[in-house]
Asks: 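Supplied in structure tokens, the structure appears directly below.
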Amino acid sequence: MGKTSKDKRDIYYRLAKEDGWRARSAFKLIHIDEIFNIFDGVTRAVDLCAAPGSWSQVLSRRLYESRDPKDRDEVKIIAVDLQHMGPLPGIIQLRGDITMLSTVEAIIAHFGENQKAQLVICDGAPDVTGLHDMDEYIQAQLLLAALNITTHVLAEGGTFVAKIFRGKDVTLLYGQLRIFFHKVTIAKPMSSRNSSIEAFVICQKYSPPQGYKPQLINPMQDDVKLTACETDSPVNRAIIPFMVCGDLREFDSDMSYSLNIDPEKEYEHKEVVQTPLAPAYSEVLERMKTTSLKHSGSIKVEADKKKD
């Protein structure tokens with residue numbers, strides 16, 4: 001009998017167990033650092049959507065445990081997640097929602113006055129549905145939420161690293177990130193499976209637009225126009241609101257209705273206003289005029305008999 005399916009896991013799964021990492025995703029951050037040196041000179045870092053804690057574990061080993069014990073006091077690493085995770089050396093855990101202002105205030109309070117993070121990382125991802133368009137959209141919204149809180153807690157010149165799902169509309173996200181960072185790069189670490197659509201954005205040299213003032217805005221709950229005008233920044237006022245045209249009294253575009261909309265009038269069929277000028281099926285229609293389906297079928301039958 002063969003061994004259990006666990007023995008068939010990939011090499012990074014096995015190495016994570018051997019090296020004491022909480023998850024194989026730790027290698028993704030390690031590989032990113034090998035190329036981009038994101039840990040250089042960093043003493044203050046934030047890990048968003050941290051649970052189960054593999055990325056926080058990398059921060060702990062690289063930024064905290066690798067230092068001389070007398071120099072560890074200057075290192076502050078904050079891990080944020082709605083879920084609880086096991087303790088790690090040098091890691092301050094915050095249970096909070098990254099879309100809430102209270103979470104921002106808690107992070108800033110831990111860093112102290114006039115202190116901000118030099119590095120913000122986020123390996124968060126939604127529970128995938130298998131519907132790629134849906135998964136890409138939800139992941140994009142999660143990334144924007146992480147970017148939003150990053151604008152509050154990241155010092156100028158800092159680095160932001162986050163997971164992203166590559167899709168047809170992903171270039172829009174790249175453009176949004178370039179507004180806040182001088183350099184944006186997409187990376188696919190060796191430890192990220194080839195079959196996965198995940199990649200990581202490495203955003204370096206944080207530099208928000210002049211006059212920009214960070215705000216946490218939830219378009220589903222907040223009055224975007226009112227919130228944007230609370231500051232004197234013209235950049236903040238450039239927020240474009242989303243509005244639905246119509247209400248529940250109108251037709252639902254995903255429903256089917258009777259063509260006899262007005263019960264007092266009999267339905268009258270009408271031709272389309274403009275028929276296709278050069279339909280792709282016109283050539284097929286012309287051939288059908290001179291071809292007998294019955295005849296072509298009998299020819300095929302006779303051909304099959306001759307083969308036998």
Side-chain angles (χ1 to χ4, degrees), residues 9-100 102-112 115-127 142-143 145-146 149-150 152-155 158-163 187 189-192 198 200 202:
R9 299 291 184 108
D10 65 78
I11 182 62
Y12 291 107
Y13 173 86
R14 298 197 299 270
L15 287 176
K17 297 295 184 183
E18 293 174 7
D19 296 343
W21 297 110
R22 294 186 174 183
R24 65 185 300 283
S25 55
F27 291 105
K28 299 174 186 178
L29 188 61
I30 293 172
H31 290 158
I32 289 173
D33 178 59
E34 289 175 354
I35 301 300
F36 297 94
N37 301 313
I38 60 175
F39 297 148
D40 287 359
V42 173
T43 58
R44 299 183 302 277
V46 177
D47 183 7
L48 302 175
C49 306
S54 60
W55 276 27
S56 292
Q57 196 176 10
V58 175
L59 293 178
S60 176
R61 292 189 186 184
R62 294 293 180 88
L63 304 182
Y64 183 79
E65 295 185 82
S66 63
R67 288 177 173 266
D68 189 286
K70 64 181 180 181
D71 297 328
R72 291 177 179 175
D73 290 341
E74 65 183 40
V75 177
K76 290 187 178 180
I77 306 170
I78 300 175
V80 182
D81 202 291
L82 286 170
Q83 301 178 20
H84 179 72
M85 69 182 197
L88 288 166
I91 303 295
I92 301 170
Q93 292 189 37
L94 291 178
R95 295 186 67 180
D97 187 339
I98 64 173
T99 65
M100 301 294 292
S102 57
T103 305
V104 174
E105 294 170 345
I107 294 173
I108 294 174
H110 277 290
F111 281 137
Q115 294 287 329
K116 288 190 174 183
Q118 299 154 313
L119 172 67
V120 177
I121 59 177
C122 179
D123 190 32
D127 294 330
L142 180 61
L143 184 142
I149 194 172
T150 296
H152 287 79
V153 303
L154 185 63
T159 302
F160 173 58
V161 178
K163 178 182 290 186
M190 293 179 293
S191 47
S192 178
E198 74 168 7
F200 295 87
I202 292 83

Asks: Would you mind reporting whether H110 and V46 have side-chain heavy atoms less than 4.5 Å apart?
Replies: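 Heavy-atom side-chain distance check fails, nothing below 4.5 Å.
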Asks: Check the pair I202 / I35 against side-chain contact (heavy atoms from CB on, under 4.5 Å), numbers first and verdict last.
Replies: CA-CA 11 Å; I202 292 83; I35 301 300; over 6 Å; no
Asks: Determine yes or no for a side-chain-to-main-chain donor-acceptor pair under 3.5 angstrom, with Q83 supplying the side chain and P52 the backbone.
Replies: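 It does not hold such a pair.
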Asks: Using side-chain heavy atoms (C-beta onward) and a distance below 4.5 Å, is I78 in contact with F111?
Replies: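 When only atoms from C-beta onward are counted, F111 and I78 do touch, with a gap below 4.5 Å.
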Asks: Just verifying a value: how many Å separate R61 CZ and D19 CG, rounded to the nearest 0.5 Å?
Replies: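 Result: 7.0 Å between the selected atoms.
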Asks: Assess R72 against Y64: is NZ or CZ under 6.0 Å from the centre of the six-membered ring, and within 45 degrees of the ring's axis?
Replies: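 Yes - R72 lies over the ring of Y64, closer than 6.0 Å to its centre and within 45° of its axis.
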Asks: Could you tell me whether the side chain of P189 reaches within less than 4.5 Å of the side chain of F27, counting heavy atoms only?
Replies: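 Counting from C-beta outward, F27 and P189 never come under 4.5 Å.
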Asks: Heavy atoms, side chains only, cut-off 4.5 Å: are F39 and L29 in contact?
Replies: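 SC-SC contact between F39 and L29 confirmed.
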Asks: Using atom types as modelled and distance alone, determine if a side-chain donor or acceptor of S60 lies under 3.5 Å from a backbone N or O of S56.
Replies: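 Side chain of S60 to backbone of S56: no pair is present.
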Asks: Tell me if the CG atom of D127 is crowded by more than 12 foreign heavy atoms within 6.0 Å.
Replies: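 Atom CG in D127 is not packed in, count stays at 12 or less.
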Asks: Would you check if the side chain of Q57 reaches a backbone N or O of G20 as a donor-acceptor pair within less than 3.5 Å?
Replies: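 Side chain of Q57 to backbone of G20, a donor-acceptor pair under 3.5 Å: yes, one is there.
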Asks: What pair of heavy atoms forms the shortest contact from R67 to V42, and how long is it?
Replies: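 For R67 and V42, the tightest heavy-atom pair comes out as NH2-O, 4.0 Å.
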Asks: Within the 4.5 Å heavy-atom criterion, are L59 and L119 side-chain neighbours or not?
Replies: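 A side-chain contact exists here, since the closest heavy-atom pair is under 4.5 Å.
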Asks: Keeping the roles fixed (side chain from Q93, backbone from D81), state whether a donor-acceptor pair exists under 3.5 Å.
Replies: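 Absent.
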Asks: Testing the 3.5 Å rule here: is there a donor-acceptor pair between the side chains of E198 and S192?
Replies: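 Yes.
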Asks: Which atoms form the tightest heavy-atom contact between G96 and V80, and what is the distance?
Replies: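 G96 and V80 have their closest heavy atoms at O-CG1, 3.8 Å.
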Asks: Just do the side-chain contact (heavy atoms from CB on, under 4.5 Å) check on W21 and L15 with the steps written out, would you?
Replies: CA-CA 8 Å; W21 297 110; L15 287 176; over 6 Å; no
Asks: Out of I38, I30, N37, which residue meets the side chain to side chain contact (heavy atoms under 4.5 Å, CB included) rule with E34?
Replies: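 Result for side chain to side chain contact (heavy atoms under 4.5 Å, CB included) with E34: I30.
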Asks: List the atom of T99, the atom of A145, and the distance in Å for their closest heavy-atom pair.
Replies: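 In this case the closest contact between T99 and A145 is CG2-CB, 3.9 Å.
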Asks: Is it true that D123 and K28 make a salt bridge, defined as a side-chain N closer than 4.0 Å to a carboxylate O?
Replies: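 Result for this pair is no, no salt bridge flagged.
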Asks: As a test of understanding, state which of V153, T103, V120 forms a side chain to side chain contact (heavy atoms under 4.5 Å, CB included) with L48.
Replies: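 Single pass found, and it is V120.
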Asks: Do you know the tightest heavy-atom contact between K116 and L154?
Replies: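 Minimum heavy-atom separation between K116 and L154: CD-O, 3.8 Å.
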Asks: Quick one: do E65 and L88 satisfy side-chain contact (heavy atoms from CB on, under 4.5 Å)? Show the steps, please.
Replies: CA-CA 10 Å; E65 295 185 82; L88 288 166; over 6 Å; no
Asks: Would I149 and I107 count as a side-chain contact (heavy atoms from CB on, under 4.5 Å) here? Give the steps.
Replies: CA-CA 10 Å; I149 194 172; I107 294 173; 4.1 Å; yes
Asks: Please name the pair of heavy atoms, one in I98 and one in C49, separated by the smallest distance, quoted to 0.1 Å.
Replies: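 Reported closest heavy-atom pair: CD1-SG, 4.1 Å.
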Asks: Would you find a donor on one side and an acceptor on the other, under 3.5 Å apart, between the side chain of R44 and the backbone of K76?
Replies: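 The answer is no, because no donor-acceptor pair under 3.5 Å joins these two groups.
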Asks: I want to check something: taking the side chain as every heavy atom from C-beta on, are L82 and D97 in contact at a cut-off of under 4.5 Å?
Replies: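 A side-chain contact exists here, since the closest heavy-atom pair is under 4.5 Å.
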Asks: Under 4.5 Å between any side-chain heavy atoms of I121 and I32, yes or no?
Replies: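 In short, these two side chains do not touch, never coming nearer than 4.5 Å.
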Asks: Got M85 and R22 here, is their nearest side-chain heavy-atom distance under 4.5 Å?
Replies: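 In contact.
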Asks: Ring centres of H31 and Y12 under 6.0 Å apart?
Replies: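 Yes.
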Asks: Does W55 reach the main-chain N or O of C122 with its side chain, forming a donor-acceptor pair under 3.5 Å?
Replies: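 Answer holds: no.
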